[in-house]
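Numbers restart at 1 for each chain; the letters A, B, ... are given by sequence-line order, proteins then strands.
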Amino acid sequence: MSQTQTPPVVLVDGSSYLFRAFHALPPLTTSKGQPTGAIKGVISMIRRLDQDFPGSKVVVVFDAKGKTFRHELYEEYKAHRPPMPEDLATQIAPIHEIIRAMGLPLLIVPNVEADDVIGTLACEATAKGVDVVISTGDKDMAQLVSDHVTLVNTMTETTMDREGVKEKFGIGPEQIVDYLALVGDKVDNIPGVEKCGPKTAVKWLQSYENLDKLVEHADEIKGKIGDNLRAASEILPLSRELATIKVDVELEFGITDVQPDEPDREKLLAMFKELEFKTWVDELSRQEGVVDVSSEESTPETPEKHYSTVTDKAEFDEWVERLKKADIFAFDTETTSLNYSTAEVVGVSFAIEPGEAAYVPFGHDYMGAPEQLEPNYVLGQLKPLLEDSSQKKVGQNLKYDKNVLANHGISLEGITEDTMLESYVLNSTASRHDMDSLALKYLGEATISFESIAGKGAKQLTFNQISLEQAGPYAAEDADITLRLHRTLRPKLAAEPKLDSVYQNIDLPLVPVLSHMEQRGVMLDSATLRRHSQELAIRMAELEQAAHEEAGEPFNLGSPKQLQAIFYEKLGLPVIKKTPKGAPSTAEPVLQELAHEYKLPHLILEHRSLSKLKSTYTDRLPEMVSPRTGRVHTSYHQAVAATGRLSSSEPNLQNIPIRTEEGRRIRQAFIAPEGYKLVAADYSQIELRIMAHLSGDKSLLKAFAEGKDIHRATAAEVFDTPVEDVTGEQRRSAKAINFGLIYGMSAFGLSRQLGVERKVAQEYIDLYFHRYPGVADYMDNIRKLAHDQGYVETLFGRRLYLPEINARNKQMQQAAERTAINAPMQGTAADIIKRAMVTVENWLLDSHAEEARMVMQVHDELILEVKESAIDKVIAGLTERMSKAAELDVPLLVEAGVGDNWDEAH
DNA sequence: AGGGTCAG
DNA sequence: CTGACCCT
């Protein structure tokens with residue numbers, strides 16, 4: 001390997017990093033919803049090159065849009081590539097802009113792929129005696145490696161020279177093209193040899209050196225794969241050509257023509273600010289000559305860090321004294337398990353000032369663990385502080401901490417701030433609100449990952465098994481980051497009065513309410529469910545046998561893949577619909593259709609629905625009963641649904657069956673303890689009522705004011721019939737129309753729902769809007785508003801950003817428009833029931849603590865356990881409070897029922 | 001429209 | 001990860 005004195009030229013394959021950064025990094029967005037993960041990834045990679053190759057000329061190359069010579073060579077080239085995700089497409093222009101502002105040459109050559117530009121420049125540079133480093137994430141580039149060309153993957157920090165290629169692939173750089181031709185490429189749609197993977201290709205090339213010689217001796221290859229090779233011999237030259245990176249493209253410039261420029265610091269600063277890349281903003285601001293005039297809010301500096309692990313009594317006591325005096329402190333628990341109902345606290349961490357935090361371990365019990373403070377002492381000292389509601393705390397998802405502390409007899413009060421909720425209210429569309437994502441997004445800091453200290457997979461340690469050396473900094477960091485996030489996020493909320501009110505008056509007060517409901521759990525009749533399971537098993541076995549006879553062979557009824565084979569290959573049933581990937585669908589509506597003419601689909605349908613009931617409910621629910629309490633404890637998630645709704649998991653209590661008789665039997669297993677009944681109260685037609693209120697449509701308001709059956713009233717209007725003459729069929733159609741409106745449904749969707757022609761569905765919609773012009777206006781306005789401001793709001797001011805509302809892709813744009821219509825209704829309903837929950841919980845705790853408690857929420861329904869003697873009183877108070885949770889131009893009707901089980905209560 | 005879970 | 005299916 002020859003050494004030159006001059007530093008190498010670095011050619012950057014920008015496009016390859018673009019895709020890798022997009023998929024590998026957490027989906028960052030700005031507080032306004034602009035996705036930035038790929039930008040951050042690509043730019044930080046490019047910035048690193050300056051350190052890795054000081055003094056080198058860095059040239060960045062991107063693919064241009066449009067076709068290339070490979071498309072002309074082979075029209076199927078990249079034919080099956082899905083369109084670029086919108087979230088990625090919007091990040092390309094900013095990346096280009098930043099690279100230019102950094103002063104780096106940016107090459108985008110029309111009709112030439114980045115690979116070929118790089119190949120050509122690399123060839124030219126080496127001819128001039130300059131060494132080349134190609135920075136890429138794409139292994140195909142290995143074909144360019146030579147004595148003067150090295151590959152480096154800056155994201156994974158690996159380099160590959162000639163020897164490296166041999167090590168990695170088992171063959172030399174000159175053989176890579178032949179290798180690629182043999183293997184083919186599914187994504188780019190390059191044909192290869194059927195069933196020939198990397199192993200086979202390498203084996204062949206090691207024996208025959210290259211493709212030509214291999215094809216010459218193709219008859220020596222035995223077996224099916226030999227046949228495949230001979231069958232492919234015609235197209236292999238084409239594959240080879242497609243896989244070959246060009247080194248002789250006609251470019252209008254040479255490697256010496258491209259020169260770096262001075263960086264435009266003002267421009268960079270503006271862009272980094274816009275994209276909310278705090279650390280880079282800080283870094284630039286500190287550099288001389290750049291005065292940050294546009295800054296209204298100071299970006300948080302990364303403080304010096306002083307984290308301590310406290311095992312000394314005096315030191316701990318001192319911390320407690322400081323906590324008592326603090327106006328607010330950040331707080332976090334470390335526990336043995338993520339499951340709050342079984343988790344035990346093994347340590348707690350605190351922070352009062354940024355950069356300074358302490359971890360107090362008391363339950364680490366691995367071999368050789370240092371002596372720690374007594375759990376009883378630590379928790380005993382902290383208890384008065386934690387239970388003092390005037391002592392303010394901030395945390396990340398404090399509901400969890402409240403739940404686990406309850407296992408130690410501590411009732412956490414004073415939850416005055418929660419960073420997870422701050423982030424959620426600021427931008428519910430941001431896909432994740434966990435601490436690690438928030439730290440990266442708002443503080444520009446990567447946190448210690450749990451995996452890095454606990455390991456992963458089966459060998460993952462629980463927190464009590466992690467050494468104090470590792471656990472200390474991790475836990476202290478959690479408290480520190482939480483405090484600093486709060487200091488960053490809270491002012492952002494305060495600047496938006498409506499969002500601030502949603503946070504303070506709706507989501508924060510709900511935290512203890514949800515915590516109580518989770519801890520209470522709900523009672524389950526496990527014995528009945530188990531019996532039900534056995535019955536289902538018998539019925540399923542019968543169905544399975546019948547299906548096998550019908551199909552003429554045994555197969556797995558639960559496998560859509562095997563089913564496709566039987567249906568469409570063996571039995572030749574007509575294909576009605578295909579899955580997104582092009583395979584014939586066996587989805588429910590398809591089978592429903594086929595069931596008219598064939599017996600097998602009917603059997604499958606019944607088997608499927610029973611199998612779902614059994615695996616998800618009758619088998620699983622009894623397993624979820626806590627041995628400690630004998631009840632099931634769900635988790636409610638407050639920062640998952642973009643619209644403001646809650647979600648529920650482990651188990652999901654918000655999707656317990658109700659549609660079929662068989663399903664309702666599962667609801668019958670949700671029961672109340674001795675002396676109690678279940679009361680279920682739900683808002684009647686809440687979303688349509690909200691639509692009436694928001695749109696102000698006269699007819700709709702009137703219908704609700706008069707307490708009419710809304711679907712019947714709609715049918716009378718749309719079909720121009722007197723109310724008393726509306727048929728069942730007409731009412732059913734009207735109901736589908738009403739649902740469609742809530743979902744922002746199109747004529748297409750409605751036609752499918754109703755099973756009528758699209759034209760007919762459009763007529764219904766036109767008629768509806770004609771009869772309810774206020775609704776039509778409202779829909780137009782909300783769509784326009786969404787396009788103009790990029791977000792929509794609920795009645796209470798909860799905001800939902802719609803990043804795809806102005807997407808170039810029409811389908812995405814239309815989906816965003818449907819969300820724009822649905823979100824204010826769904827979200828306002830969520831706000832209303834959350835408000836009701838807070839009021840109802842406080843009322844019950846104040847005056848009916850022994851008689852009634854809320855145990856479940858299912859979007860528009862609250863389920864309570866109520867002592868038999870108090871039922872009338874509680875129902876009256878409950879329905880009144882739910883009705884008054886919002887003041888709308890329509891009455892909020894609440895319907896309540898009582899029963900020994902959830903099914904009966906309806 | 002928004003969710004969660006299961007089996008393959 | 002996908003397809004299917006349970007809920008409001």
On the side chain of A/Arg645, is there an atom forming a donor-acceptor pair with the base of C/dT8 - under 3.5 Å, no angle test?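 For A/Arg645, whose side chain was compared with the base of C/dT8, there is a donor-acceptor pair (under 3.5 Å).
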Which part of the nucleic acid, if any, lies within contact of [X], taking any heavy atom under 4.0 Å across all strands shown: a base, the sugar-phosphate backbone alone, or nothing?
X: A/Ile742; value: nothing
X: A/Glu588; value: sugar-phosphate
X: A/Ala642; value: sugar-phosphate
X: A/Gly558; value: sugar-phosphate
X: A/Glu687; value: nothing
X: A/Ile658; value: sugar-phosphate
X: A/Asn822; value: sugar-phosphate
X: A/Ser609; value: sugar-phosphate

Nearest whole Å is fine: how far is [N] [atom2] from [X] [atom1]?
X: A/Leu563; N: B/dA7; atom1: CG; atom2: P; result: 17 Å
X: A/Arg665; N: C/dC6; atom1: CZ; atom2: P; result: 16 Å
X: A/Glu623; N: B/dC6; atom1: CD; atom2: C1'; result: 13 Å
X: A/Arg783; N: B/dA1; atom1: CZ; atom2: P; result: 13 Å
X: A/His607; N: C/dC5; atom1: NE2; atom2: P; result: 12 Å
X: A/Tyr683; N: C/dT8; atom1: OH; atom2: P; result: 17 Å
X: A/Arg608; N: B/dT5; atom1: CZ; atom2: C1'; result: 16 Å

Out of [options], which has the shortest distance to the side chain of [X]?
X: A/Ser559; options: B/dG2, B/dC6, B/dG8; answer: B/dG8
X: A/Ser615; options: C/dT8, B/dA7, C/dA4; answer: B/dA7
X: A/Pro560; options: B/dG3, B/dC6, C/dA4; answer: C/dA4

Under-4.0 Å salt bridge between A/Lys399 and A/Glu518: yes
State whether a side-chain donor-acceptor pair under 3.5 Å links A/Glu662 with A/His532.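 Present: a donor and an acceptor within the cut-off.
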Hey, are A/Thr586 and A/Arg608 close enough side-chain-wise for a donor-acceptor pair under 3.5 Å?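 A donor-acceptor contact under 3.5 Å links the two side chains.
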Side-chain touch A/Phe769/A/Asp780, heavy atoms, less than 4.5 angstrom: no
Assuming nearest nucleotide by heavy-atom distance, tell me which of A/Pro651 and A/Thr643 is located more 5' along DNA chain B. A/Thr643
Check the pair A/Thr528, A/Asp525 against side chain to side chain donor-acceptor pair (under 3.5 Å), reporting the backbone distance first and the verdict last. CA-CA 6 Å; A/Thr528 300; A/Asp525 180 356; 2.5 Å; yes
